[in-house]
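Read through the structure below, which is laid out as structure tokens, and then see the notes.
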Amino acid sequence: MITAREYRQMAEECFGWAREAQTDEVRLCYINLAQTWLEAASWVEGRSRLSPQRKSGFGQHSLKRKAA
């Protein structure tokens, strides 16, 4: 499993690429990706504080389809 620290390192790389981006569109893509990595880091940190019974996959609930 990727650690929160590793997710934050990936976010820092994205911020670096955003600073070097040639267009606002590309810059925004890198910033959005960095934000996703930071959210993942926060999720991993929160997950590590949960009891084993309460742990679930990242984004698992958002991927389930709602019954019509």
Side-chain angles (χ1 to χ4, degrees):
M1 179 178 193
I2 297 176
T3 66
R5 181 179 179 196
E6 290 169 314
Y7 281 129
R8 285 196 170 80
Q9 288 172 337
M10 289 187 275
E12 284 303 316
E13 285 183 41
C14 290
F15 285 130
W17 295 331
R19 284 188 291 274
E20 297 174 12
Q22 300 296 312
T23 67
D24 289 341
E25 181 181 17
V26 172
R27 185 174 298 107
L28 183 58
C29 287
Y30 283 128
I31 290 170
N32 287 336
L33 183 55
Q35 182 61 43
T36 299
W37 292 134
L38 292 174
E39 289 170 5
S42 294
W43 177 83
V44 167
E45 289 174 338
R47 185 173 188 260
S48 67
R49 291 185 209 113
L50 295 176
S51 65
Q53 303 93 320
R54 302 228 15 226
K55 292 181 180 181
S56 63
F58 180 71
Q60 179 180 9
H61 301 288
S62 63
L63 296 177
K64 290 183 180 178
R65 296 183 109 184
K66 292 184 180 180

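- Listed by chain and residue number, Asp24 satisfy the salt bridge (Lys or Arg N to Asp or Glu O under 4.0 Å) test with Arg27 (two or more places apart in sequence, or in another chain).
- Looking only at side-chain heavy atoms (C-beta outward), Leu38 and Tyr7 stay at 4.5 Å or farther from each other.
- Distance check: Gln35 CD to Glu39 CD gives 4.5 Å after rounding to the nearest 0.5 Å.
- Of all heavy-atom pairs between Thr3 and Val44, the closest is C-CG1, 4.4 Å.
- Rounding to the nearest 0.5 angstrom, the gap separating the CD1 atom in Ile31 from the CZ atom in Arg19 is 9.5 Å.
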Worked check of side chain to side chain contact (heavy atoms under 4.5 Å, CB included) between Trp43 and Arg47: CA-CA 6 Å; Trp43 177 83; Arg47 185 173 188 260; 3.0 Å; yes

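- Note: Trp37 CH2 to Gln9 CD = 12.5 Å, rounded to the nearest 0.5 Å.
- Put simply, Tyr30 and Leu28 are part of two different groups of oily side chains (I, L, V, M, F, W, Y) that touch within less than 4.5 Å, one to the next.
- Under a 4.0 Å N-O distance rule, the pair Arg8/Glu45 qualifies as a salt bridge.
- Smallest separation of non-hydrogen atoms from Ala34 and Cys14: CB-CB, 3.6 Å.
- Under the 4.5 Å side-chain heavy-atom criterion for Ile, Leu, Val, Met, Phe, Trp and Tyr, Phe15 and Leu33 are members of distinct hydrophobic clusters.
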